[in-house]
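Below is one structure, written out as structure tokens; comments come after it.
What you are looking at is a predicted structure, and each value in this text was computed from that prediction instead of being measured.
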Amino acid sequence: MALKMGKGSRDWAQIYAIYGMDEWQTLLFLLFHAVIFTILAIFLLLYFSPIAAALSNFRLFAMLLPAGSARFAAGLTGSVTALIAMCLLFAAANFLYSAVPLRWEIAQRMLSSVTDWSNVKIALDVGCGRGILLNAVALQLKKQGSSGRVVGLDQKRSITMQTLRTASQEGVQEYVTCREGDVKRLPFRDDYFDVVVSGAAIRRAATVKEERERVVAEMVRVLKPGGVGVVWDLQHVPEYVRKLQELKMEEIRVSERVTAYMVSSHIVSFRKPCYQHQQQIMVGPIISYNYNVHAYAGEVRLDWRCHNLC
């Protein structure tokens, strides 16, 4: 029987089959060293007496340390080795869980921060990666019978093309478009999206505090007045909250702690205050879709259904 992730959730195997896993080298590194330390711990256990006897023959144990020190040293070495093996196995298991199943669960929690998806016409996923959060938004739009769509932004074309493939596997390709771009300088006009989300992407794209705050400011800039922003990230959440407070965002909420990749993470949601709309200058040509939603040139998806695309 396939493993489940909780009430109303999907099989782990199904999610791994669609999305795969990033940074699998880290998982292999942890598993390899866990196996090595496990073998060493078993060896020390099986040959404890010979090892203790060999240690007692050393001058240090024979002349300077009290009797029984050699056995104590052998036992302590075995115990520490076994403890390291257990820690490495736990870290590998947590990494495997955090890479896909936890991300899917977090995506569902992030969706719940938006109270009314029926009014969402266009959403943005900043740093969409393999598309776990992006497709979760698209599935929500599909569930609502919406004519809206979600745009996935990432820095590499290879990633955006992979994202489109996962959207096709999820059956939501008509709701998804992707484009390349810098998350620190979002290629969209002000007040453009109803919802802006980001799942553990800011920390990868912005390595210093000033850059991370700029990404948050960019998310606020492209969000429509009254729109909702939701961010999940590791470690740097207090920075985001302070920046959102500085930008005068409303309804700033921080979730309870969630352990991901062996560190603490939180979901931050906020709402952009409503204010009198000012005329904005749109940069770049516009693509007109059959269902009357607009997007910038450069976005790609599997089924375009659009006009004036060069």
Using the ring pair (Phe, Tyr, Trp, His ring centres under 6.0 Å) rule, collect all pairs that involve residues 200-244, keeping only residues at least two apart or in two chains.
none
Mark yes or no for whether Arg179, through its side chain, and Leu153, through its backbone, hold a donor-acceptor pair below 3.5 Å.
no
Any luck finding a side-chain donor-acceptor pair between Ser198 and Asp125 under 3.5 Å?
no
Between Arg214 and Glu211, does at least one N-O distance fall below 4.0 Å, as a salt bridge requires?
no
Could you tell me whether Arg109 and Glu256 have a side-chain N and a carboxylate O separated by less than 4.0 Å?
yes
Can you tell me if Thr77 uses its side chain to pair, donor with acceptor, with the backbone of Ala73 under 3.5 Å?
yes
Between Leu102 and Val258, is any pair of side-chain heavy atoms under 4.5 Å apart?
yes
Count I, L, V, M, F, W, Y as connected when their side-chain heavy atoms are under 4.5 Å apart, and connections chain through other members. Are Leu88 and Leu28 then in the same cluster?
yes
Among side-chain atoms of Tyr19 and Asn135, is any donor-acceptor pair under 3.5 angstrom?
yes
Without swapping roles, check the side chain of Asp233 against the backbone of Ala200 for a donor-acceptor pair under 3.5 Å.
no
Let's go through Val120 and Leu141 carefully: what are the C-alpha distance in whole Å and the side-chain angles of both, what is the deciding distance for side chain to side chain contact (heavy atoms under 4.5 Å, CB included) to 0.1 Å, and is it a yes or a no?
CA-CA 8 Å; Val120 175; Leu141 294 174; 4.2 Å; yes
Strictly distance-based, threshold 3.5 Å: is any side-chain N or O of Thr81 a donor or acceptor partner for the main-chain N or O of Leu40?
no
Distance-only side-chain donor-acceptor flag, Thr259 / Arg257, under 3.5 Å
yes
Side chains of Arg103 and Ser98: donor-acceptor distance under 3.5 Å anywhere?
no
By side chain to side chain donor-acceptor pair (under 3.5 Å) - contacts of Arg221 (at least two apart)
Asp190, Glu218
Is it true that Asp191 and Lys272 have a side-chain N and a carboxylate O under 4.0 angstrom from each other?
yes
Within one Ile-Leu-Val-Met-Phe-Trp-Tyr cluster: Leu247 and Met219, side-chain cutoff 4.5 Å:
yes
If only atom types and distance count, is the side chain of Asp154 paired as donor or acceptor with the main-chain N or O of Ile159 below 3.5 Å?
no
Report whether Met161 and Ile132 are members of the same hydrophobic cluster (ILVMFWY, side-chain heavy atoms less than 4.5 Å apart, transitive linking).
yes
So CZ of Phe32 and CZ of Phe37: to nearest 0.5 Å the spacing works out to 10.5 Å
Cluster question for you: counting only ILVMFWY and a side-chain heavy-atom cut-off of under 4.5 Å, with indirect links fine, are Phe43 and Phe48 together?
no
Between Glu239 and Arg212, is there a salt bridge with N-O shorter than 4.0 Å?
yes
Taking the side chain as everything from C-beta on, heavy atoms only, tell me whether Tyr192 gets closer than 4.5 Å to Leu124.
no
Side chain of His266, backbone of Val254: donor and acceptor closer than 3.5 Å?
no
Ring centre gap for His33 and Phe29 strictly below 6.0 Å:
yes
Residues, nucleotides or ligands: over 12 heavy atoms within 6.0 Å of Tyr16 OH
yes
Would you check if the side chain of Lys142 reaches a backbone N or O of Gly171 as a donor-acceptor pair within less than 3.5 Å?
yes
Grouping I, L, V, M, F, W and Y whenever their side-chain heavy atoms are under 4.5 Å apart, do Ile36 and Leu83 come out in a common cluster?
no
Donor-acceptor contact below 3.5 Å, side chain Thr166 vs main chain Arg130
yes
Quick one: does any side-chain atom of Ser265 pair with a main-chain N or O of Gln235 as donor and acceptor, under 3.5 Å?
no
Can you find a pair of side-chain heavy atoms, one from Val137 and one from Leu139, that are under 4.5 Å apart?
no
Taking all non-hydrogen atoms of both residues into account, name the closest pair between Ala85 and Thr38 and its distance.
CB-OG1, 3.4 Å
